[in-house]
Amino acid sequence: MNGKEAEDAMSSTALSPPPPPLEWKFSQVFGERTAGEEVQEVDIISAIEFDKSGDHLATGDRGGRVVLFERTDVRDHARRRELEMLDNPISRHPEFRYKTEFQSHEPEFDYLKSLEIEEKINKIRWCQTTNGGLFLLSTNDKTIKYWRVQEKKVKRISEMNLSSAQDAGDGSFASSSASNPAVYLPNGGCSGGAYSSFSNDFTFPPGGFPSLRLPKVTSQETSIVARCRRIFAHAHDYHINSISTNSDGETFISADDLRINLWNLEISNQSFNIVDVKPANMEDLTEVITSAEFHPVHCNTLAYSSSRGSVRLIDLRQSALCDNHSQLFHEPETPGSKSFFTEIIASISDIKFAKDGRHILSRDYMTLKLWDVSMNSGPVATFQVHEYLRPKLCDLYENDSIFDKFECCLSGDGSRVATGSYSNLFRVFGCGPGITEATTLEASKNPTRRQVQNPARPARSLGGLTRVVRRGAENAGLDAANNFDFTAKLLHLAWHPTENSIACAAANSLYMYYA
């Protein structure tokens, strides 16, 4: 392509209208509670994760249980791949069914520190699938477990090794002929006289046995078995806030407030500390680690966020202890905007890499920020999640809601991002060039019941790139803030890796939507 053709292509792309907003529809719900039904604390979902294929979904709850769901709407995987290669959209939306569940963690007590360790599942991460088994990591505050979930056939004996004439109804031997008290049985036994298989006096009959019959074993049914392969423990002094598997399929990281450790999936008694932000004097501590994530492509790169609103990119090839970052992503404060709550709401609760690894999505209390890994001067786009709550920050601080940790996710193609809010609402934003999509959905069977399409500010140029700031409607937002239910918080959600499908948790219910 010559220069003129490239210029024409870019101009046509710029002039092409943005794609229309996605029309989200309800798909499924698991664990829906009836009106007035009280939710048990142990049943509240605390983690959601799709596997890389999107055919399996895992959830963890505060009771230490892991529940697996499997996709059922596409049976012919070969046909499905053909349709994807032809860029032919599949007409049916993703449908899942319950597969199995198992108890991952139990409540424990640390006698040395007099500390109770909850069974709550903090994070779940899928590992590579091998030999038809599903592998995943689950963690509570202190202990990480490596699970294998596999279908096993239940084998039972369908036929004994007795002939029909000798097989009595109760399984005992039928009586032999009195004229021949020493009849040799087809299974090698002898019906007459005291006989032991260990006797050296036994001799085979002339010509050998007429037949040798073995019991027949058949597989009548299958059962799903979850087995804990390894336990990774005693490596964190503080609560584990995140785990992430590496693209090499062999290692993973675990992070707490002050340290990040590198593990091998096959070695449970040894880990390597690769990040340590603990100062010599704890009074000098200014920030803590809030989330960590491996790069989806490069096994030597990972990112972690902090409570001061920064994201650091580190390269494991630089040194054994990666205290020095290779990239720092931080948006400086606006002059004159500092308040008592500034540092609290700047704390990043979650980060996610885009599928291609070129962008990082971060979620702080008020906003979503999209960062380009090759540009650390500022976020490429900023999305206001619930700006109308800013006047109520004092009330949110009083009831501790300001410390809620909302997760975020990106679509498989990186064109949209999503995160949760209060009153069981979640927001979906378009982040492509020229896209002004900002949709509010409710975790219910009618997701668009409380939908408000919020306008976006026009994009402004930033050094050849585009920084987009999207804000909600101020007047509608003030009314919404007064009607918000801060006890119904949608903290956890996940986007299907290949399709426009979102799974989100509202208390003990798992809702799924598609577009």
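Just so it is clear, the model here is predicted, and its values are computed rather than measured.
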Q. Below 4.5 Å, heavy atoms only, C-beta onward: do Lys405 and Asn241 meet side chain to side chain?
A. no

### Message
For Glu108, is there an ion pair with Lys142 - N to carboxylate O distance below 4.0 angstrom?
### Response
no

Heavy-atom neighbours of Glu37 CD exceed 12 at 6.0 Å
yes

task: Say whether Ser307 and Thr290, considering side chains only, have a donor N or O and an acceptor N or O under 3.5 Å apart.
output: no

CD1 of Ile117 to CG of Leu115, rounded to nearest 0.5 Å, is 6.0 Å

| query | Can you list the steps and then say if Lys338 with Glu343 is a salt bridge (Lys or Arg N to Asp or Glu O under 4.0 Å)? | reply | CA-CA 8 Å; Lys338 188 175 178 62; Glu343 290 189 4; 3.8 Å; yes

- Would you tell me whether Asp372 and Ser374 have side-chain atoms, one donor and one acceptor, within less than 3.5 Å of each other? yes

*asked:* Donor-acceptor pair, distance only, cut-off 3.5 Å: does the side chain of His236 make one with the backbone of Tyr238?
replied: no

### Task
Give a yes or no on whether Phe102 atom CZ has more than 12 heavy-atom contacts from other residues, nucleotides or ligands under 6.0 Å away.
yes

When you compare the side chain of Glu119 with that of Asn140, does any pair of heavy atoms fall below 4.5 Å? no

Which of Trp263, Phe272, Phe294 passes side chain to side chain contact (heavy atoms under 4.5 Å, CB included) with Ile253? Answer is Phe294

Here the gap from Glu101 atom CD to Asp61 atom CG, rounded to the nearest 0.5 Å, amounts to 8.0 Å

| request: Would you please indicate if the ring centroids of Phe426 and Tyr511 are separated by under 6.0 Å? | output: no

Rounded to the nearest 0.5 Å, the SG atom of Cys504 sits from the CE atom of Met512 at a distance of 9.0 Å

*With side chains defined as the heavy atoms from C-beta onward, is the minimum distance between Pro379 and Trp371 less than 4.5 Å?*
yes

Quiz prompt | Atom CG of Asp284 with >12 non-hydrogen neighbours under 6.0 angstrom | solution = yes

Within the side chain of Ser423, is there an N or O that forms a donor-acceptor pair under 3.5 Å with the backbone of Leu425? no

Those residues at least two apart in sequence (or on a different chain) that pass side chain to side chain contact (heavy atoms under 4.5 Å, CB included) with His56 are Asp51, Glu70, Lys99, Trp126, Leu134

Between Leu316 and Cys299, the two heavy atoms sitting closest are CD1-O, 4.0 Å

_NZ/NE/NH1/NH2 to OD/OE distance under 4.0 Å, Asp43 and Arg65_ = yes

Practice item. Taking Ser509 for its side chain and Gly31 for its backbone only, find out whether a donor-acceptor pair lies under 3.5 Å. Key: yes

Discussion item. Less than 4.5 Å apart, side chain to side chain, heavy atoms only: is that true for Tyr365 and Val385?
Written reply: no

### Message
Taking Arg363's backbone N and O only, do any of them form a donor-acceptor pair with Ser349's side chain (distance below 3.5 Å, no angle check)?
### Response
yes

Output for pair (His295 NE2, Leu302 CG), nearest 0.5 Å, gives 10.5 Å

Charged N to carboxylate O below 4.0 Å: is that the case for Glu49 and Arg125? yes

- prompt: For Ala235, does its backbone N or O pair with a side-chain atom of Asn261 as donor and acceptor, under 3.5 Å?
  reply: yes

Rounding to 0.5 Å, atoms NE2 (His386) and NZ (Lys392) come to a distance of 13.0 Å

Checking Ile360, Val373, Leu313, Asp315 against Gln327 for side chain to side chain contact (heavy atoms under 4.5 Å, CB included), the one that qualifies is Leu313

Ring pair (Phe, Tyr, Trp, His ring centres under 6.0 Å) with Phe252: of Phe135, Phe232, Tyr146, only one passes, and it is Phe232

**Study point:** Glu287 vs Ser310 side-chain heavy atoms within contact, under 4.5 Å
**Key:** yes

TODO: Answer whether the closest heavy-atom distance between the side chains of Val288 and Leu258 falls below 4.5 Å.
DONE: yes

Practice item. Give a yes or no on whether the backbone of Arg97 and the side-chain of Gln28 come within a donor-acceptor separation of less than 3.5 Å. Key: no

Strictly under 6.0 Å, is that where the ring centroids of Phe96 and Phe30 end up? no

Practice prompt. Measure the shortest side-chain to side-chain distance between Leu396 and Phe486 over non-hydrogen atoms and say whether it is less than 4.5 angstrom.
Written response: yes

Is any side-chain heavy atom of Leu389 less than 4.5 Å from a side-chain heavy atom of Tyr422?
yes

SG of Cys409 to CZ of Arg416, rounded to nearest 0.5 Å, is 13.0 Å

